[in-house]
**Student:** 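Sharing a structure below in C-alpha cells format, with a few things to ask.
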Amino acid sequence: MNNDNMEFDYNFYNNIDLKRILDKYGSPLYLYDEKTLRKNCREMKNLIRYPWFVANYSIKANSNIELLKIVRDEGLNADAMSPGEIYVLLKAGFKPSQIFYVGNNVSADEMKYAAANGVLVSVDSLSQLETYGQIGRGGRVSIRFNPGVGAGHHEKVVTAGSNTKFGIDSTLVNEVKEIAEKYSLKVVGVNQHIGSLFLEGKPYIEGVKSLLHIASAFDGLEFVDLGGGFGIPYKKQDSQNRLDLSYLSHGLEKVILEWMKAYGREVQIKTEPGRYVVAESGVLLGTVYSLKVNYGRRYIGTDIGFNVLMRPVMYDSYHEIVFFRNGKLLTGEKRSIATVVGNICETGDVLAKDRLLPDDIQEGDIVAVLDAGAYGYSMCSNYNLRLRPSEVLICEDGSDRLIRKRDTLEDLIAGYDIK
Ligand code: LLP
C-alpha cells in the first residue's frame, strides 16, 4: 500500500457528517449514495451502443428494495438467482419480462414459480433442461453455456472452465438441441457468466467470442447474454486503474456486429453486471471499540465483524479502510502496522491484515470501509446472534433516509414458536 498517496477523496457523498449519521442510525451501518448509484447504472446501461442492448442488474450483489427501485428507474432490467430474488424484484416494480432467472441446481418447484410469474428461465445442465421440459413443455428457455475458460478475482468466483459447477459444456450443443426438441422447447437465448471482477477488457471480449460461436449453432435466438463480472478498483490508495469501459465497449461492439451480420438477424444483447452497479455507491461505517497489542501485533477492534462484511474472510478481499475523528480523516503523521478486526468469536474475523495505519487511532473513532456496496449487506448474517446493520441512503438532494432497519433482538427469535 502506498500511504503517500492520499489523493483519493475520502469525503464521502458531499461531505456528509458521518458522526451525525452514526449517532442517528447506530453503528455499524451501510451508507449508500444515490448519485453514485445512478451514475454507475448509466455507465452499465450505455456500455454497448446498440439499440437492443440491455443491462440486467444481478441483484445478488445488493438486493435492497429501495436501491432496486433506483436501478429500475435508470432503465436496467434484472437477473435473479432464486425465487426470493424474483419475489423482491416484482415487489420493486420490475415487470416479469424484465427479469431473467439464472438458476443453478434448482428444483422443479422453483422453475414453476418463475414460469408461473412469467419469468424466463435459464438452465445450466442437461438434467435441468429435462426438468424444465417436463414442467414447461412447448415453452421458451435460455441455455447457460460454459465456454471452457473462466476469470475472476478468486478461485471461488471463477464460474467457467472445468473447476466449476456452472454452465453446460460447450461440446454438448447437440444434446441440448435434442432435449429441447423432445419437449418442444424453444431455445430463445444463450447466456454465460465466466466469473466475477475483471479489470482488463480483453479476456471478457474473448469469452464473448466463444459464446457467440456457440450461439451460431442455434437458429431463431432472441438474445445472447454475455454475463457480468465488471470489476471496480478496490485499491484506491494505490490508484489502481479502473476498468477501461471505452475499450470494452468498442471491442464488444465490433465483435457483436460482425457476428450479427453472419448470424443474419438482429438479436438482443444482454449483460449481467452486479458489482459495478453498487460497489462504489456503498461505504460501511463502524466504530473503534478497543485497541491492543498481543505479543507484538497491534490490533484495532471494531464492530465490523465478518457477519457484517464477509468478503475479506471469504476471499481475502481487500477493501480500503480509513478512520475519522471529529469529521476529519486521520492521515496520521506517524503510522505503524496494525490488523483491523471485528467482534465475532473467531480468530479469522479479520477485516484488514497488516495495514500501515495511523498510530493515533483511538476508541470512538469512526472506521469506514470503502466500496462495500456490493456483496456486503447481501452476504450479512446473524452469526454469533449479531444484528444485521441498518442501511441508509443519501438521496440526490443530500438528505439521508433509512432504507432498511437494523435487526432487533425480537427478529432473532421470530422463527420460533415461543409461548
Ligand atoms: N451473473 C451471474 C450468473 C452470476 O453468478 C454473477 C455473480 C453475476 C452475474 C454478477 O457478477 P458481478 O458483475 O457482480 O461480478 N461474492 C463475491 C462475488 C460472487 C459473484 C457471484 N456471481 C464477491 O464478494 O466478490
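Index from 1, following the sequence. Counting starts at 1 for both ligands and their atoms, following the listed order.
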**Student:** So is K156 in contact with ligand 1, going by heavy-atom distances below 4.0 Å?
**Tutor:**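 Flag not set, K156 not near ligand 1.
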**Student:** Going by distance only, is there an N or O of D79 that falls short of 3.5 Å from an N or O of ligand 1?
**Tutor:**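 No.
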**Student:** Does this structure show an ion pair linking E280 with R242, if we count only N-O contacts that are shorter than 4.0 Å?
**Tutor:**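 Yes.
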**Student:** Return yes when A61 approaches ligand 1 closer than 4.0 angstrom through a heavy atom, no otherwise.
**Tutor:**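 A61 does not count as a contact of ligand 1 under the 4.0 Å cut-off.
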**Student:** Checking contacts here: is it the side chain or the backbone of Y276 that comes within 4.0 Å of ligand 1, counting heavy atoms only? Could be both or neither.
**Tutor:**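 Near ligand 1, Y276 shows nothing, with every heavy atom at 4.0 Å or more.
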**Student:** Would you mind checking which non-hydrogen protein atom is closest to atom 17 (C) of ligand 1, with the distance to 0.1 Å?
**Tutor:**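 Here the closest protein heavy atom is Y315 OH, 3.1 Å.
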**Student:** If we check ring pair (Phe, Tyr, Trp, His ring centres under 6.0 Å) with F230, which of these qualifies: F198, Y276, Y57?
**Tutor:**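 Only one option passes, and that is F198.
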**Student:** Is there at least one pair of N or O atoms, one from M81 and one from ligand 1, spaced under 3.5 Å apart?
**Tutor:**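 It does not: no N or O of M81 is found under 3.5 Å from an N or O of ligand 1.
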**Student:** Once you measure the plane-to-plane angle for W259 and Y263, does it fall in the parallel (<30°), tilted (30-60°) or perpendicular (>60°) bin?
**Tutor:**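 The rings of W259 and Y263 lie parallel, inter-plane angle below 30°.
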**Student:** Note the single closest protein heavy atom to atom 20 (C) of ligand 1, along with its residue, its atom name and the distance in Å.
**Tutor:**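 Nearest neighbour among protein heavy atoms for atom 20 (C) of ligand 1, to 0.1 Å: Y375 OH, 3.6 Å.
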**Student:** Is the shortest distance from a heavy atom of G227 to ligand 1 less than 4.0 Å?
**Tutor:**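 Not so, G227 does not reach ligand 1.
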**Student:** Under the side chain to side chain contact (heavy atoms under 4.5 Å, CB included) test against I256, which residue among V224, L226, V267 passes?
**Tutor:**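 It is L226; the other options fail the test.
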**Student:** Between H154, R144, E272, flag the one that comes closest to atom 9 (C) of ligand 1 by a heavy atom.
**Tutor:**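 Shortest heavy-atom distance from atom 9 (C) of ligand 1: E272.
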**Student:** Examine V102 against ligand 1 and note whether any of their N/O atoms are separated by less than 3.5 Å.
**Tutor:**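 In fact, backbone or side chain, V102 has no N or O that close.
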